Amino acid sequence: MPIRFFNTLSGKVEEFRPLDEGRVRMYTCGPTVYDYAHIGNFRTFVFQDILRRHLKYRGYQMLHVMNVTDVDDNTIRNAQAAGLPLRDFTSQYIEAFRVDRMLLNLEDPELVVRASDHVDDMVKVIQTLVERGFAYESDGSYYFRVKNFPEYGKLSKIDFSGMRAGARVDADKYDKDSARDFALWKAAKPGEPAWNTPLGPGRPGWHIECSVMSMKYLGETFDIHSGGSDLIFPHHENEIAQSEAATGKPLARYWLHAEHLIVNGEKMSKSLGNFYTLRDLIAKSYKPSAIRYLLASVPFRKPLNFTFEGLHQAEQSLDRLRNFNYRLKMEKFPPGESSALAERARAAQSEFEAALNDNLNTAEALAAIFNLIRDGNTAMDQGEFHQGDRPLFSDVLTRWDRIFAVLEDNDYDKLRKAGFIQEHRAESSVPQPVPDGQGTLRAEILSDQEVETAIREREQARHGGDYARADQIRQQLLEAGIVLEDTKVGTRWKRK
RNA sequence: GGCGCGGUACCCAAGUGGUAAGGGAGAGGUCUGCAAAACCUUUAUGCGGGAGUUCGAUUCUCCCCCGCGCCUCCA
């Protein structure tokens, strides 16, 4: 079955066929590293992760390049405010972004590249654009001459032909021939970082980095380019202009754009107080896997309305998935197998695969797996689920999770790895959350060993008929964030 | 104003020219020392509003209303 994507360039859903059989070259616009990435950014990055995971699932070898913008007005401003050299400042947020990706189970792209490492390459491309008549110098800055690139607007579908230069913007404010022209290279200003290059001292404009780095690592034409919908114009439109003017070849064949995340129906902004980073949500005790689930559950071309109720619902849904997975692994089933269940499992597999092939319809892919879970649970309750059915169900779940990556309950391991929580050390006192003074949370948690000791004590109380004591222990553990469930095969525990 | 994405039950959210997936929440029931988990039943004659096309529209067309985004450096 072919994969179909909505291509912003054509405005239609199209069958996906990469240039090289079996291999996909993809470029995605990563963050500007002047602060922690926010959940709106991660909506797009989770979409891109689902995209690459599905392509891999379909057997494609990926060459995925993600850029990091580490030189622009924002990074320069914040680095100065922090009193740090630009590179040191941005390196901190590149590292924070790496940790956030780890927490959200985002696969690492094959290459993550920094704009500031490619200034020489950018200079060469700008020189080419000058030679070809697409760029000009003015006061030490270089601009792209939009009117020489007639296809300008083909991605964003903006028709510029009727607009007169200077009609909207006071042209005198700029040293540009036309208000629409955009900067390729910005002349050095006092107090700002600058590179000494054949173009003169200065720093790159925003768009040129992506043209240059994609060309360098993926070639002049590659398969997929993606980012948030706000990048369609001007960023991606300008990339197309620069790249195609320089090479004479199409830049990317499929353009995929994620719609924005909004919060409570409003745009997320710092002034509205509804602006959240991943760390903000972790500090409120939400699990990264639930955040990933929520961000993945709405197909990428739909606006995603983020609410805390929605996040809570995602947690509940995730529990349902994991409960079934646990039951599948741990419960004892009668020998034999059922051909009806085998058929059911394979049907669910083809349903979720078809949903993802259809422009990454994650909502439908979720429905397919929940239907399977209900049928599996029902069969188990009725004693009709057999040992021989286990491997197939397990296989389908595992396949599904190659895309969604939420099944394994390893949030605490990851939070510990990130340094956000630590195990409880003292013997007597109850673990306490400890704010670390940076808006994140370092909480102490009970160790696995402590939990298991308490569970053994409760088991003894239960066998002795001392239910009051058993319930007390269960309550104490609950207050420490540990949930107990008595099953046929013993007591299961999990972290809330 | 231009371009784009949306408006489906209490909440989130699929989908189709032929009569509304899935998840959460609520209610009742089964199971269990209790709880939790799980299962069963149940919750939209209805898919923003109006008109049209059609045997038939939530799905197509037109108009209108509302939300969100972009329109020079925001994922």
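Model, not experiment: these values are computed from the prediction. Order of the sequence lines fixes the chain letters, A, B, ..., with proteins taken first and strands second; residue numbering starts at 1 for each chain.
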Tell me: [atom1] of [X] to [atom2] of [N], nearest whole Å?
X	N	atom1	atom2	result
A/Y143	B/C73	OH	P	13 Å
A/D35	B/C74	CG	P	14 Å
A/H260	B/G67	NE2	P	19 Å
A/Y152	B/C71	OH	P	11 Å
A/E266	B/C66	CD	C1'	15 Å
A/H207	B/A75	NE2	P	12 Å
A/E259	B/C70	CD	C1'	10 Å
A/E192	B/C73	CD	C1'	14 Å

(message) Pair A/H257, A/H236 - check ring pair (Phe, Tyr, Trp, His ring centres under 6.0 Å), show working.
(response) CA-CA 10 Å; A/H257 291 98; A/H236 289 163; 5.0 Å; yes
(message) Stem list for RNA chain B, please, built from Watson-Crick and G-U wobble pairs under 3.5 Å and keeping only runs of at least 3.
(response)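 RNA chain B stems, ordered by first number: B:1-7 with B:65-71, B:10-12 with B:22-24, B:25-30 with B:38-43, B:48-52 with B:60-64.
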(request) Report yes or no: is the cationic atom of A/R301 (NZ for Lys, CZ for Arg) closer than 6.0 Å to the six-membered ring centre of A/F6, at no more than 45° off its axis? (result) yes
(request) Classify every nucleotide of nucleotides 29-37 of chain B by which part a protein heavy atom approaches to under 4.0 Å, writing B for the base, S for the sugar-phosphate alone and - for neither, in 5'-to-3' order. (result) ----BBBBS
(message) Strictly under 4.0 angstrom, non-hydrogen atoms only: write out the protein contact profile of nucleotides 6-19 of chain B, one letter per nucleotide from the 5' end, B, S or -.
(response) SS---BSSSS----
(message) Less than 6.0 angstrom separating the ring centers of A/H386 and A/F333, yes or no?
(response) no
(request) Would you confirm whether the ring centroid of A/Y34 sits within less than 6.0 angstrom of the ring centroid of A/F89? (result)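 Judged by ring-centre distance (under 6.0 Å), A/F89 and A/Y34 do not meet the cut-off.
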(message) If the threshold is 4.0 Å, N to carboxylate O, is there a salt bridge linking A/R101 and A/D49?
(response) no
Under 4.0 Å, heavy atoms only, any strand: does [X] hit a base, just the sugar-phosphate, or nothing?
X	answer
A/N371	sugar-phosphate
A/I232	nothing
A/H312	nothing

(message) Can you tell me whether the side chain of A/K267 and the base of B/C70 have a donor-acceptor pair closer than 3.5 Å?
(response) no
(request) Output the distance between atom CD1 (A/I126) and atom CZ (A/F134), rounded to the nearest 0.5 Å. (result) 15.0 Å
